[in-house]
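Remember, predicted model here, so these are calculated numbers, not experimental data.
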Amino acid sequence: MVKGKIYDESGEEVKLKKSFKISKKLEPFYTGGDLKLSPDQNFLFCLCENLVKVVEISTGQAVQCFGNEEDAAITICGNNDVLFSAHRASLLIKQWKWKGNGEEEPLVRSFKAHPVPVTSMSMDSSSSLLGSGATDGVVRVWDIENNYCTHQFKGSKGVVTLLQFHPKKLHLFSSADDLLIKVWDLETSTLIHNLKGHVSPVTSLVFPTDTTMISGGRDKVLVTWDISSGALKETLPVFEVIEGMALCGGRVVTAGDKGVLRAWDKTSNKCVQQQNTPALKREFVNLVPYKTGVLAVTFDQNILVYNKDLEIEKNLIGYNDEIIDIKPAMEGHLALATNSEQIRIINSETLATTVLSGHTGTVLSIDTNPEHDLLASSSKDNTVIIWKCEDSCYRQVATCTGHTSAVSGVAWSHLPENIFLVSVSSDLTLKLWQPAKGNIQKLHKTKCVYTVKAHEKDINCVTVSPNDKFIITGSLDKTAKVWSADKGNLLGVLRGHKRGIWSARFSPVDQCVLTSSGDALIKLWRLSDYSCIRTYEGHSASVLNCQFTSLGRQIVSCCADGLIKLWDTQTSECVTTLDGHTDKCWALMATEDSIISGAADSLLCFWKDVTAEEEEEEIREEQVQCEQQQELRNLLFDGKLAAAFALSLALNMPYKCLGVAQKILELDDGSSQLRSLIENLQMDQIESLLEYLATWNTNSKHTIIAQNVLFALLSSSQSQSFASNSKLRVHWEALIPYTERHFERLTKLQQQATFLQYTWDRMKLSEV
């Protein structure tokens with residue numbers, strides 16, 4: 001184990017880390033439900049858990065967040081200035097000013113629109129009217145500017161599922177559980193049409209012309225209507241559950257459960273275009289017109305931006321679910337394994353995301369080989385896929401099959417020559433894969449070199465040593481095993497953990513191994529005799545991942561309670577604890593100056609090493625404090641007691657302040673000087689002085705000074721405002737008990753002195 005100073009390859013000393021701060025986060029912004037686009041088409045209004053978030057489409061980051069966790073939002077709508085959200089518990093519709101400067105209160109008003117939960121809302125094209133539909137089938141229209149209800153429409157049966165204004169006419173369209181589309185005239189406040197043509201819920205409406213409407217639903221048909229007469233013009237079977245429609249380039253684009261966008265000619269009602277190779281074969285749950293293209297929302301909260309040719313331009317990840325693994329990918333990027341069959345490639349700076357699709361089961365582990373721009377992923381589909389980065393894009397080059405159960409771990413070799421890959425599985429085996437003759441150019445011919453039954457229970461992790469000579473595996477059978485990489489021979493067994501092992505790592509500089517377990521312990525093992533050198537205790541839950549950092553001098557670990565800890569390998573002491581997650585922290589990656597963590601709360605945190613900055617700040621603070629203390633001594637030497645009193649308050653030096661107050665009171669006009677000094681104090685200085693007085697008053701030696709200062713304070717002109725200041729209450733309450741005790745003591749002393757004087761006077765009288 002490394003002792004003393006350590007140096008990197010360039011000869012510079014490696015500084016130990018002590019403190020980290022979150023520099024940025026990749027947070028979830030959409031977890032399903034309603035989603036609307038702002039009229040300027042630059043922002044999305046999304047539901048995230050119980051909150052409402054405003055997302056900037058260009059960056060994919062949330063810029064505003066409204067609501068509270070206790071009152072879930074059900075549906076939303078908004079314009080370029082205000083946002084409306086309907087809430088389940090309070091039954092309120094809340095109006096938010098989402099483009100504020102951050103200083104104003106964002107909540108403009110709230111009102112109870114219906115006696116039951118509101119399930120659908122819509123705004124007209126002028127942003128002057130708001131429509132709301134509820135679970136009782138009632139539809140109401142509200143004047144946004146004047147805050148009153150203008151219309152109330154009854155007649156729908158069941159929950160109102162769809163509400164939409166005509167883009168040019170004063171007509172409101174609604175649909176409910178009765179599967180009818182009702183057309184309400186806002187000028188006459190009457191129902192003008194009752195359109196019957198669907199046998200399943202209607203999900204979307206579009207208006208190709210002023211007098212034509214197309215409706216789509218889950219009955220797998222598109223229905224064209226003449227709005228003027230209310231006549232059904234044509235029914236077109238599309239053989240797909242329609243979840244969303246949008247007008248794009250003069251065509252009607254549909255999205256549904258097949259995960260393929262299709263464009264239909266609005267006059268001939270024929271499919272004129274279909275995605276050839278959809279980027280993500282996912283069920284669509286919503287479709288929104290966006291500039292010249294569309295925004296398609298998938299069931300797993302991906303938001304895909306398509307151009308007019310239905311080609312994907314951007315992918316916004318609304319929710320990553322559980323982040324299971326993190327590895328460095330191509331330059332400036334990270335590879336993430338989430339609770340999905342896709343791999344996310346994230347730009348470390350912009351947090352822009354692309355997706356790799358290839359697995360048919362959840363990806364459990366990933367590893368990268370930066371030397372050859374390779375990425376390997378293992379999945380519940382029992383396969384390992386090898387990806388090659390070419391032109392800043394990963395492509396699948398090989399699929400390794402042979403495991404009979406979920407592949408739980410995968411790891412690349414480190415040296416550039418004789419490259420190989422190892423994998424472990426729930427089938428209890430360890431496999432080593434290698435291209436033909438170890439040639440990197442023959443990755444497509446990767447084959448299994450050997451298979452070893454490694455453990456008696458599921459294997460959780462596998463790692464290759466830096467010199468490619470050893471392999472370590474960790475299992476739920478509470479053991480870690482060290483294997484020879486060339487032949488797969490068992491070299492040693494590490495026993496000592498009381499629960500299953502979740503992570504195992506080789507030291508980058510020493511012949512030792514690190515393991516973490518469900519028994520909340522981290523152990524360091526010597527490879528020469530496979531004995532435990534040190535045990536690191538401090539976590540209160542299962543330690544799910546651990547890594548070496550600072551060239552083996554420190555350890556970073558994460559556990560099931562979401563905490564991340566930094567350890568000193570020599571002293572076994574916890575240096576610092578990082579609290580940034582609210583659920584199990586599975587993924588961890590340590591770099592030279594940062595830590596990246598991912599957890600089951602769908603949060604990816606970037607922790608920046610701020611040790612040097614904090615040390616510099618401490619030095620600056622010490623220098624300033626020394627200068628101020630010297631200034632205080634100079635003021636006392638020059639007899640400038642008023643300035644010295646104010647400075648001692650600012651420096652938070654209560655007993656120096658006590659000494660200054662004593663010197664002031666020793667002057668002939670000390671009491672008057674003290675009162676005039678206290679008259680000029682600010683309220684924060686008075687609060688500090690009261691805190692000092694409470695401390696001084698506990699000691700009988702300082703009581704006289706404390707009571708004199710207190711008398712001067714209560715005699716000042718500011719005393720009238722003390723009672724209304726809640727911050728001062730705790731200090732007054734601390735002063736009262738000791739003041740009463742001192743008063744009783746002095747009263748008793750005065751009585752004794754009076755009795756003594758009386759006795760003495762009587763003795764002198766008797767002598768006379």
Side-chain angles (χ1 to χ4, degrees), residues 2 7-11 325 327-335 343 365-378 383-403 407 409-424 429-452 454 461-473 481-492 504-514 527-528 547-548 551-552 589-592:
V2 175
Y7 301 89
D8 58 18
E9 295 178 354
S10 62
D325 202 1
K327 289 295 187 297
M330 53 189 168
E331 185 177 356
H333 290 73
L334 299 172
I343 302 169
S365 176
I366 53 177
D367 195 26
T368 56
N369 187 307
E371 185 73 24
H372 298 291
D373 294 325
L374 297 175
L375 184 148
S377 57
S378 64
T383 66
V384 175
I385 293 181
I386 299 175
W387 311 78
K388 173 74 173 175
C389 182
E390 295 177 350
D391 299 326
S392 300
C393 183
Y394 281 99
R395 66 178 183 87
Q396 183 177 339
V397 294
T399 301
C400 305
T401 59
H403 285 291
V407 186
V410 66
W412 281 106
S413 58
H414 300 284
L415 301 181
E417 63 276 0
N418 196 31
I419 188 169
F420 63 86
L421 177 71
V422 293
S423 62
V424 292
T429 62
L430 163 69
K431 289 180 180 288
L432 186 140
W433 311 84
Q434 197 168 29
K437 299 180 181 179
N439 190 346
I440 190 66
Q441 303 301 326
K442 297 182 179 180
L443 278 172
H444 61 285
K445 295 183 179 180
T446 299
K447 294 183 179 180
C448 179
V449 177
Y450 60 75
T451 301
V452 179
C461 59
V462 62
T463 307
V464 180
S465 65
N467 61 4
D468 288 353
K469 292 184 178 180
F470 305 101
I471 300 168
I472 186 169
T473 57
K481 295 183 179 181
V482 181
W483 310 82
S484 64
D486 53 352
K487 296 182 180 180
N489 295 329
L490 179 62
L491 302 178
R505 306 286 179 183
F506 285 97
S507 170
V509 292
D510 283 328
Q511 292 187 359
C512 57
V513 173
L514 190 70
L527 276 177
S528 58
Q547 290 190 8
F548 284 101
L551 284 182
M589 191 181 89
T591 64
E592 292 181 2

Problem set entry | Residue pair M330 / D373, side-chain heavy-atom distance below 4.5 Å | no
Problem set entry | salt bridge (charged side-chain N to carboxylate O under 4.0 Å, His left out) against D367, all qualifying residues, sequence neighbours excluded | none
Problem set entry | H372 side chain near I419 side chain, heavy-atom distance below 4.5 Å | yes
Problem set entry | Expected output: side-chain D510 to main-chain C512 donor-acceptor under 3.5 Å | no
Problem set entry | Criterion side-chain contact (heavy atoms from CB on, under 4.5 Å) on V449 and F420, from CA distance to verdict | CA-CA 9 Å; V449 177; F420 63 86; over 6 Å; no
Problem set entry | Any donor-acceptor pair under 3.5 Å from D325 side chain to I366 backbone | yes
For this session: Please report the shortest heavy-atom distance between V462 and A411, naming the atom on each side.
Result: O-CB, 3.7 Å
For this session: Please check if any side-chain donor atom of H403 sits under 3.5 Å from a side-chain acceptor atom of S423, or the reverse.
Result: yes
Exercise. Are any non-hydrogen side-chain atoms of L375 and I343 less than 4.5 angstrom apart?
Worked result: yes
Problem set entry | Closest non-hydrogen atom pair between T401 and W433, with its separation | O-CH2, 3.4 Å
Exercise. OG1 of T368 to OH of Y394: how many Å apart, nearest 0.5 Å?
Worked result: 6.5 Å
Exercise. Do L421 and T446 come close enough that some side-chain heavy atom pair is under 4.5 Å?
Worked result: no
For this session: With sequence neighbours excluded, tell me which residues meet salt bridge (charged side-chain N to carboxylate O under 4.0 Å, His left out) with E390.
Result: R395
For this session: Just jot down the side-chain hydrogen bond (donor to acceptor under 3.5 Å, both in side chains) partners of N489, sequence neighbours excluded, or say none.
Result: none
Exercise. Is there side-chain contact between T473 and C461, with at least one heavy-atom pair below 4.5 Å?
Worked result: no
Exercise. So, do W412 and V464 sit near enough that their side-chain heavy atoms are less than 4.5 Å apart?
Worked result: no
Exercise. With T451, which residues qualify under side-chain hydrogen bond (donor to acceptor under 3.5 Å, both in side chains), at least two apart?
Worked result: K431
Exercise. How long is the span from the NE2 atom in H414 to the NZ atom in K469, to the nearest 0.5 Å?
Worked result: 14.0 Å
Exercise. At their closest point, which heavy atom of Y450 faces which heavy atom of A485, and how far apart are they?
Worked result: OH-O, 2.9 Å
Exercise. Looking at CD1 of I386 and SG of C400, how far apart are the two atoms once the value is rounded to the nearest 0.5 Å?
Worked result: 4.0 Å
Exercise. Are the side chain of Q547 and the backbone N or O of A590 linked by a donor-acceptor pair below 3.5 Å?
Worked result: yes
Exercise. Is there side-chain contact between F506 and I472, with heavy atoms separated by less than 4.5 Å?
Worked result: yes
Exercise. Can any side-chain N or O of S465 pair as donor or acceptor with the backbone N or O of F470 at less than 3.5 Å?
Worked result: yes
Problem set entry | T429 and V424, any side-chain heavy atoms less than 4.5 Å apart | no
Problem set entry | side chain to side chain contact (heavy atoms under 4.5 Å, CB included) partner of K481, chosen from L430, L490, I471 | L490
Exercise. Between the side chains of W387 and S377, is a donor N or O closer than 3.5 angstrom to an acceptor N or O?
Worked result: yes
For this session: Identify the heavy atoms of G552 and V509 that sit nearest to each other, and give their distance.
Result: CA-CG2, 4.4 Å
For this session: Name all residues meeting the salt bridge (charged side-chain N to carboxylate O under 4.0 Å, His left out) criterion together with K388; count only those two or more places apart in sequence or in a different chain, and write none if there are none.
Result: none
Problem set entry | Nearest atoms (heavy-atom pairs only) where P328 meets M589 | CD-SD, 3.3 Å
Exercise. Sequence neighbours excluded, which residues qualify as side-chain hydrogen bond (donor to acceptor under 3.5 Å, both in side chains) partners of S392?
Worked result: none
For this session: Locate the shortest heavy-atom distance separating L415 from N467; write the atom from each residue and the value.
Result: CD1-O, 3.7 Å
